[in-house]
Colleague: 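My questions will all concern the structure given below.
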There are 4 protein chains.
Amino acid sequence: MSASAKEPRWERRKQDRPQELLAAALELFVERGYAATRLEDVATRAGVSKGTLYLYFDGKESLFKSVVRTNVLPLLDQAEARIEGHAGSSAELLRDLILHWWQSASHSGVVGIAKLMVAESGNFPELARFYHDEVTARGDATVVRVLERGMARGEFRRVDADAMKKVIVAPLIMLMLWEQSLAPCAATPIDPQAYLESMIDLCLNGLKA
Amino acid sequence: MSASAKEPRWERRKQDRPQELLAAALELFVERGYAATRLEDVATRAGVSKGTLYLYFDGKESLFKSVVRTNVLPLLDQAEARIEGHAGSSAELLRDLILHWWQSASHSGVVGIAKLMVAESGNFPELARFYHDEVTARGDATVVRVLERGMARGEFRRVDADAMKKVIVAPLIMLMLWEQSLAPCAATPIDPQAYLESMIDLCLNGLKA
Amino acid sequence: MSASAKEPRWERRKQDRPQELLAAALELFVERGYAATRLEDVATRAGVSKGTLYLYFDGKESLFKSVVRTNVLPLLDQAEARIEGHAGSSAELLRDLILHWWQSASHSGVVGIAKLMVAESGNFPELARFYHDEVTARGDATVVRVLERGMARGEFRRVDADAMKKVIVAPLIMLMLWEQSLAPCAATPIDPQAYLESMIDLCLNGLKA
Amino acid sequence: MSASAKEPRWERRKQDRPQELLAAALELFVERGYAATRLEDVATRAGVSKGTLYLYFDGKESLFKSVVRTNVLPLLDQAEARIEGHAGSSAELLRDLILHWWQSASHSGVVGIAKLMVAESGNFPELARFYHDEVTARGDATVVRVLERGMARGEFRRVDADAMKKVIVAPLIMLMLWEQSLAPCAATPIDPQAYLESMIDLCLNGLKA
DNA sequence: CATGAATGAGGCTTCATTCAT
DNA sequence: TATGAATGAAGCCTCATTCAT
């Protein structure tokens, strides 16, 4: 990993430890699920010992929460920023948001987080609430904004934005879940680009005035 | 403890045991996830002792697989049967399939199975493969059939059926996942009927020729 | 331990387990202190495995509390019973109580409990309160009763019974503590009989009217 | 963190470190017991880092032994010095010794040491032996001297000094133990002055010729 | 001298699984 | 068949101790 010339028995890198541990934890939580992930494996993958993990996190649950929060929040900020600056048609905006969400998500740990939340929110009600408030609600609001923008400008036909927002978001989330859980076992894996094009195609045709 | 000579009312017959265990296991697996479900709780909920469970299943993993297989297959049979007898428009057929799928799924334990598969397919590759082959593939094929029927009859515009099938199925699966995992914590829970209407609305508008 | 003819891999003795575990735990807690006692050693000494202990006790703390309560309460009942039936002089009564307390205590686990309570009551405030209420208070009250009886009958001179009760009880407790902790290392161990005679001698001479 | 160039007011000198560590350790050992005391807390309370502790002590056990030895010896020297200069009656001497012992003990950390020795002597046999030789034996000898002085001068009646010494010392030790462990939870805490007066009262009346 | 990040052995606890009855 | 007491491997977490800086 770190290609320093000489490695002493251990190197002082307090600054880097949390990120390294979070990265390792994300990988393993996504790969194996919460319960099946052993903290020792997380530590090992981060290149430290079991005890070191406890210098930075209170325990497994705390680590899990940090993983979720750390990975999810930046992405949302990013997404919302895109909306502000958009000037073109609402169709363009929706397409842009979808494609960029996938772009960002698939290059970060967020694809895995989705699976984790589906799987573990039952066991972490407080995390589920956080996720709902900070992630789902914000995401939904974004879609509603786009829908209303489109309807106001006469670009989209009139629909029940509140119900429709969920329908529109669903294929995007499912794509993340498939990539993480079922797709690896599929004989014919999903082609994300074709999938997204079909999704956009369906949405824009389904919404157009 | 309870050493009553004669069992009241209906005698609990041995041949019911597996079903009772599977039912209890489904509930608990869905409620708590695979790892957090204790076999003793499953046995207790089924009204038998821990040891008895091992008379019918090889262990936790075997029980889990049986739960998935048992609950998923009947639903698919059911769904496919509906297609055969359909004579009307393809739009009607699609609407019918969506609404009936939800009808059946939400009244069985299948809604929970979806969450389990997303969460655990990484830990049970062979189960994931089974699920893909027996469930996902069959479900996808069904949708493809409907799409192609619609296109062949000039009811639907031409789309990439292979990519579109996933897009269409996604909102249905997400509805199941939401109901099971994230929705319970949401301030404003989803209204399935409105959601499904929006979904059908979007799909039919998005597909119409 | 149990000299049964043939020992199967394990023998069903649910009834006996708690007592066996409590006995083993008493020995080890007294010998090594609370923290230094490993539950695995307790289990082993009781002839069972680590996990079995958890079938009967919630954990280390619960086991500790049970040890204290189980061993202490019977002794107090016993002691109080002796007072009821006494008819002779108060000096005789005091002597009788002291000698019989030691008799009972030294043949039970109570000598060790005293050390445990001194050592651990700081860590178990609720146990300390229990011990104060159920043991210390009852013991003190007993001594007060004897003192007042003696003063009322003109056998003892007038003293501050409330302060004196503690002074009188102290050498008895110290004898228990010495036996358990420091005495084993002493070059010249204490002779309990001579000690008790001196104690009674001092008390009766110090109290006589 | 705090990188101030000049240390305010009194500079913390290196030669104070051991005493500061010993003082902190005494407090914590007494408060929590040996096992429950974490060296990091000791260091923090002494205002140094964990590693620094190891510059002055070999480890936890070594620190503990030093705590006991350091705190106990001065008190004994002090006590013995008082005897030398006494000229009055033996009753006066005994009273003086008792009151001054408590005076000194209760203003130092020695009250806590008693509890520690009772609790831990089983785990530190060599420390127990030291304590017996250096503390108990010297204390006992002191009492014996007083008793023999009193008997020789016809002030005390003849008693078995060897057995009696322990009886006389016991209430003094118990007072220390009560203060440290059980008393804090008692509804009616002990009043040391009344207790000591009763003790002296009982002893002198019990011993007088 | 002093620091504090890092280590890893060791203890408590859980629970899937076994098996004598 | 059915039971449930018993097992023991495995994981989380703590903390005394080390050592590069």
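First the proteins, then the strands, lettered A, B, ... as listed; each starts at 1. Keep in mind the model is a prediction, meaning the values are calculated, not measured.
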Colleague: Tell me: CZ of D:Arg32 to C1' of F:dC15, nearest whole Å?
Modeller: 13 Å
Colleague: Anything under 30° is parallel, anything over 60° is perpendicular, the rest tilted; go ahead and classify C:Phe29 against C:Tyr34.
Modeller: parallel
Colleague: First locate atom OG of B:Ser121, then atom NZ of A:Lys115, and finally report the distance between them rounded to the nearest 0.5 Å.
Modeller: 6.0 Å
Colleague: Please list, chain by chain and in numerical order, all residues satisfying side chain to side chain contact (heavy atoms under 4.5 Å, CB included) with C:Arg38, sequence neighbours excluded.
Modeller: C:Glu40, C:Asp41
Colleague: With DNA chain F as reference, determine whether D:Lys60 or A:Ala35 sits nearer its 5' end, using the nearest nucleotide of each.
Modeller: A:Ala35
Colleague: Does A:Tyr56 put a side-chain nitrogen or oxygen below 4.0 Å from OP1 or OP2 of E:dA5?
Modeller: no
Colleague: Can you tell which of F:dC12, F:dG8, E:dC12 lies closest to the side chain of C:Ser49?
Modeller: F:dG8
Colleague: For B:Phe57 and F:dA2, give me the distance from atom CZ to atom C1', rounded to whole Å.
Modeller: 16 Å
Colleague: Need one value for D:Leu55: base, sugar-phosphate or nothing, where a base atom within 4.0 Å counts as base even if backbone is also close, heavy atoms only.
Modeller: base
Colleague: Here's a test of your reading of the structure: between C:Arg38 and A:Gly51, which maps to the more 5' nucleotide of DNA chain E?
Modeller: A:Gly51
Colleague: Can you tell me the distance, in whole Å, between the CG atom of C:Leu53 and the C1' atom of F:dA5?
Modeller: 14 Å
Colleague: When the distance from OH of D:Tyr34 to P of F:dC15 is rounded to whole Å, what number comes out?
Modeller: 13 Å
Colleague: Indicate whether OP1 or OP2 belonging to F:dC12 is found under 4.0 Å from a side-chain N or O atom of A:Tyr54.
Modeller: no
Colleague: Using whole Å, report how far CD of D:Glu40 lies from P of F:dT18.
Modeller: 16 Å
Colleague: Could you spell out the base pairing of DNA chain F in dot-bracket, with Watson-Crick or G-U pairs whose two distances are under 3.5 Å, [ ] crossing and | to another strand?
Modeller: .||||||||||||||||||||
Colleague: Go through the N and O atoms of the side chain of C:Lys50 and the base of E:dT13, and report whether any donor-acceptor pair is under 3.5 Å.
Modeller: yes
Colleague: Go through the structure and list residues passing side-chain hydrogen bond (donor to acceptor under 3.5 Å, both in side chains) with D:Lys50, not counting sequence neighbours.
Modeller: none
Colleague: Do B:Glu126 and B:Arg129 sit within salt-bridge range, that is, some charged N less than 4.0 Å from a carboxylate O?
Modeller: no
Colleague: Output all residues satisfying ring-ring contact (aromatic ring centres under 6.0 Å, His included) with A:Phe130, sequence neighbours left out; order by chain, then residue number.
Modeller: none
Colleague: What's the CD-P distance between D:Glu61 and F:dT17, to the nearest Å?
Modeller: 9 Å
Colleague: Look at all strands and tell whether B:Gly59 reaches a base, only sugar-phosphate, or nothing, counting heavy atoms closer than 4.0 Å.
Modeller: sugar-phosphate
Colleague: Just jot down the side-chain hydrogen bond (donor to acceptor under 3.5 Å, both in side chains) partners of D:Glu27, sequence neighbours excluded, or say none.
Modeller: D:Arg45
Colleague: Please give the distance between the C1' atoms of F:dT21 and E:dC1 as a whole number of Å.
Modeller: 13 Å
Colleague: Respond yes when some side-chain nitrogen or oxygen of D:Thr52 is under 4.0 Å from OP1 or OP2 of E:dA2, and no when none is.
Modeller: no
Colleague: Nearest whole angstrom, please: distance from the P of F:dT3 to the CG of B:Leu39.
Modeller: 15 Å
Colleague: Got a sec, which residues hit side-chain hydrogen bond (donor to acceptor under 3.5 Å, both in side chains) with B:Ser49, two or more places apart in sequence or on another chain?
Modeller: B:Thr52
Colleague: What is the nucleic acid contact for A:Thr37, judged by heavy atoms within less than 4.0 Å: base, sugar-phosphate only, or nothing?
Modeller: sugar-phosphate
Colleague: Roughly, in whole Å, what's the span from CG in B:Asp58 to P in E:dT17?
Modeller: 9 Å
